[in-house]
Trainee: 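There's a structure below that I have some questions on.
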Amino acid sequence: MLDIQLLRSQLETVTEALAARGMRFDAAAFQAMEGERKSLQTRTQELQARRNALSKQIGMLKGKGEDASAVMSEVAGLGDELKANEQALSALLERINEFVARLPNLPHESVPHGADETANVEVLRWGSPRTIEAPVRDHVDIGAALGGLDFETAVKLAGSRFAVLRGGIARLHRALAQFMLDVHTREHGYTEVYVPYLVNPASMFGTGQLPKFEEDLFAVPFGEGGRFFLIPTSEVPVTNFVRGELLAPDALPMKFVGHTPCFRSEAGSYGRDTRGMIRQHQFDKVELVRIEHPERSWDALEELVGHAEAILRKLELPYRKMVLCTGDMGFSAAKTYDLEVWLPAQNTYREISSCSNCGDFQGRRMQARVRTAAGRNEFVHTLNGSGLAVGRTLVAVLENYQQADGSVRVPAALVPWMGGIELIEPVR
RNA sequence: GGAGGUGUGGCAGAGUGGUUGAAUGCACCGGUCUUGAAAACCGGCAGGGGUUCACGCCCCUCGUGAGUUCGAAUCUCACCGCCUCCGCCA
């Protein structure tokens, strides 16, 4: 959520910044609502002040045993107008709030300008694609040959965009997640967390999925009129740890790593990535989340990306590091690095991690603050990044480590997590 | 599922219709004292918003939302969380 004070005082600057993100911001509509709010609020508060003063008088008079009926009838006359004003004001405030809640975060000054992903900037390329003896097969064929990747059964069980894994590939999938968790906890200082996969609407608001992106989520009705949402990323439950909290300075930074399934409706992505497990309704992800002091968050972002990169390096998977341009960033992000892994079958790099600093955007939505040394309360800065998307890492390993005989080598760093297995062979 | 209790500032904890946004303690900040620290003492200290050049004035907030009342932390209702007991299930 943007600071409404900023909207009031720097309307032009904000409008420009949002335009860079491809967001058409109706400044006139906002100003109209604000003008109305101002007069309505002033009038309402005048009436409230009058009522409070008169009521206080009644109290004093009655305390002294005097007659208060004249004052009482005067204050009674205020009732209708006051009530009407209060209702109009709260309705308007709700409208303004809803309006502001749908505005995305402002890009950091270091973010390149551009309309879409073609304007993203490559800042680093690591590793070189190994030579694979022709023909190069994609993970779907590799998985089918191994008998470990089964989309037909998944369709029977659930539908398209789901997968069933078996044998060595299922094991590989588990090993990858465990490996990532162990590296981040042992080597990068993150605290492992286990969290709910269903969350309430307030949590979804806190990280920015609601109110604007409800169609991307799976909802589960519960109780009378209540509902849960399936998390689209563990960023949601983990970041919301601090919702509504006023934290002591020494409580920060908080560094969490969680492994959860993620659920996305993928509404609007109908023709895209229909083959294989690149884009699924359910996938596992190991997520890094950091709650930071405002002045530390930009350093923290660089660290965080490095932690995600470390996984790719240990697995010896070639990747490149991109800075997303203004037009390609997510709703809550102030700056985002994407890590893209080399997929030989697609002969290109594909996103496997997205690491963002959200600044105070989520902190303000969550009302999560930290008491600074100066005694002021500031909204915390929040960061999150995939470290990594497990399903896509599985795809990357299958494709990059495929061998001519149809088997798949296990990356050396992963062998201990595979119980010593170095080669994935067909399921019997 | 049934019965009862409870939800107040960073924390603990008073407050049951009227000059209470809220006693007190702890924590925190400033000062006195001290070579320094501690202790003691003095002072400050909830958040958000409106208005003002400023001093200030005003409004809202005691889990959330409705309601009663001239006036609600205090009364009523619903919801949410927590605690205890009973039942049921693992």
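Computed from a predicted structure; not experimentally measured. Just so we're on the same page: letters track the sequence lines, and every chain starts at 1.
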Trainee: What interatomic distance, in whole Å, is found between P of B:rU51 and the corresponding atom of B:rG43?
Mentor: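 Rounded to whole Å, the distance is 36 Å.
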Trainee: Going by the rule side chain to side chain contact (heavy atoms under 4.5 Å, CB included), which residues pair with A:N52 if we only count those two or more places apart in sequence or in a different chain?
Mentor: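 Once residues adjacent in sequence are excluded, A:N52 has no partner under the side chain to side chain contact (heavy atoms under 4.5 Å, CB included) criterion.
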Trainee: Of all heavy-atom pairs between A:P261 and A:D284, which one has the smallest distance, and what is that distance?
Mentor: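 Result for this residue pair: CA-OD1, 3.6 Å.
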Trainee: Charged N to carboxylate O under 4.0 angstrom, A:E303 versus A:R296?
Mentor: yes
Trainee: Return whichever of A:L246 or A:E34 has its heavy-atom-nearest nucleotide of RNA chain B closer to the 5' end.
Mentor: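 Taking each residue's closest nucleotide, the earlier one in sequence belongs to A:L246.
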Trainee: Closer than 4.0 angstrom, basic N to acidic O: yes or no for A:R409 and A:E422?
Mentor: no
Trainee: A:D80 CG to B:rC70 P: how many Å, rounded?
Mentor: 12 Å
Trainee: Provide the distance between the two C1' atoms, one in B:rA46 and one in B:rC29, to the nearest whole Å.
Mentor: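 Roughly 15 Å separates the two C1' atoms.
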Trainee: In terms of side-chain heavy atoms, does A:Q362 have a donor or acceptor partner in A:T382 at a distance below 3.5 Å?
Mentor: yes
Trainee: Whole angstroms only, please: what is the NZ-P distance between A:K56 and B:rC57?
Mentor: 12 Å
Trainee: Provide the Watson-Crick or G-U wobble partner of B:rG9, both distances under 3.5 Å; none if there is no partner.
Mentor: none
Trainee: Just name whichever nucleotide pairs with B:rA38, Watson-Crick or G-U, keeping both distances under 3.5 Å, else none.
Mentor: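 Across all strands, not a single nucleotide pairs with B:rA38.
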Trainee: Please report, rounded to the nearest Å, how far the P atom of B:rG18 is from the NZ atom of A:K62.
Mentor: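 So the NZ-P distance, A:K62 to B:rG18, works out to 11 Å.
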Trainee: Could you check whether A:E378 pairs with A:R371 (Lys NZ or Arg NE/NH1/NH2 to Asp/Glu carboxylate O, under 4.0 Å)?
Mentor: no
Trainee: Could you tell me how far B:rG17 sits from B:rG81 if I compare only their P atoms? Round to whole Å.
Mentor: 31 Å
Trainee: Which nucleotide, if any, forms a Watson-Crick or G-U wobble pair with B:rA46, using both distances under 3.5 Å?
Mentor: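 WC or wobble partner is B:rU61.
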Trainee: Partner of B:rG21 by Watson-Crick or G-U wobble geometry, both contacts under 3.5 Å, or none?
Mentor: none
Trainee: In terms of side-chain heavy atoms of A:R8, which of B:rC59, B:rG50, B:rG18 is nearest?
Mentor: B:rG50
Trainee: Hunt down the Watson-Crick or G-U wobble partner of B:rU16, both distances under 3.5 Å, from any strand shown, or write none.
Mentor: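 B:rU16 is paired with nothing.
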Trainee: How far, in whole Å, is B:rA22 from B:rU61 if one measures between their C1' atoms?
Mentor: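 The same atom, C1', in both gives a distance of 12 Å.
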Trainee: Looking only at side-chain N and O atoms, does A:N52 come under 4.0 Å of OP1 or OP2 in B:rG71?
Mentor: no
Trainee: Could you tell me how far apart A:N377 (CG) and B:rC45 (C1') are, to the nearest whole angstrom?
Mentor: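 Interatomic distance, CG of A:N377 to C1' of B:rC45: 12 Å.
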Trainee: Can you tell me how far C1' in B:rG67 sits from the matching atom in B:rC26, rounded to whole Å?
Mentor: 38 Å
Trainee: Choosing from B:rG18, B:rG50, B:rU19, which nucleotide comes nearest the side chain of A:M60?
Mentor: B:rU19
Trainee: Counting the benzene-type ring for Trp, do A:F263 and A:F218 have ring centres under 6.0 Å apart?
Mentor: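 Centroid separation for A:F263 and A:F218: 6.0 Å or greater.
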Trainee: Atom CZ of A:R50 to atom P of B:rC58: distance rounded to whole Å?
Mentor: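 Whole-Å distance recorded here is 14 Å.
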Trainee: When the C1' atoms of B:rC42 and B:rC58 are compared, how many Å lie between them, rounded to an integer?
Mentor: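 These two C1' atoms come out 32 Å apart once rounded.
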Trainee: With rounding to whole Å, what would you report as the distance between B:rU34 and B:rA40 at their C1' atoms?
Mentor: 12 Å
Trainee: Does the structure show a Watson-Crick or G-U wobble partner for B:rA3, both distances under 3.5 Å? Name it, or say none.
Mentor: B:rU84
Trainee: Between B:rC60 atom P and A:N85 atom CG, what is the distance in whole Å?
Mentor: 13 Å
Trainee: Among B:rC70, B:rG49, B:rU68, find the nucleotide with the atom closest to the side chain of A:Q41.
Mentor: B:rG49
Trainee: Considering heavy-atom distances to RNA chain B, does A:Q45 or A:R51 have its closest nucleotide positioned more toward the 5' end?
Mentor: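 Taking each residue's closest nucleotide, the earlier one in sequence belongs to A:Q45.
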Trainee: What's the gap between B:rG21 and B:rU74 when it is taken at their C1' atoms, as a whole Å value?
Mentor: 14 Å
Trainee: What's the CZ-P distance between A:F228 and B:rC80, to the nearest Å?
Mentor: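 Atom CZ in A:F228 sits about 11 Å away from atom P in B:rC80.
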Trainee: Which atom names give the shortest non-hydrogen contact between A:P237 and A:P196, and what distance separates them?
Mentor: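 In this case the closest contact between A:P237 and A:P196 is CG-O, 3.8 Å.
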Trainee: Taking 4.0 Å as the cut-off, does a side-chain nitrogen or oxygen of A:Q5 come that near to OP1 or OP2 on B:rG50?
Mentor: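 Yes.
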Trainee: Have a look at A:R43 and say if it touches a base, only the backbone sugar-phosphate, or nothing, with a 4.0 Å heavy-atom cut-off.
Mentor: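 Nothing, no heavy atom under 4.0 Å.
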Trainee: If the cut-off is 4.0 Å, is A:K38 near the phosphate of B:rU51, judged by side-chain N/O to OP1 or OP2?
Mentor: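 Affirmative; the distance criterion is met.
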Trainee: Would one find a side-chain N or O of A:R37 under 4.0 angstrom from OP1 or OP2 of B:rC59?
Mentor: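 Result: no.
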Trainee: Please report, rounded to the nearest Å, how far the C1' atom of B:rC59 is from the CG atom of A:L92.
Mentor: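 A:L92 atom CG is separated from B:rC59 atom C1' by 16 Å.
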Trainee: Nearest to the side chain of A:A49, heavy atoms from C-beta on, is which of B:rG47, B:rC59, B:rG50?
Mentor: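 Given the options B:rG47, B:rC59, B:rG50, the side chain of A:A49 is closest to B:rC59.
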Trainee: In the strands shown, is B:rC55 matched to any nucleotide by a Watson-Crick or G-U wobble pair with both distances under 3.5 Å, and which?
Mentor: none
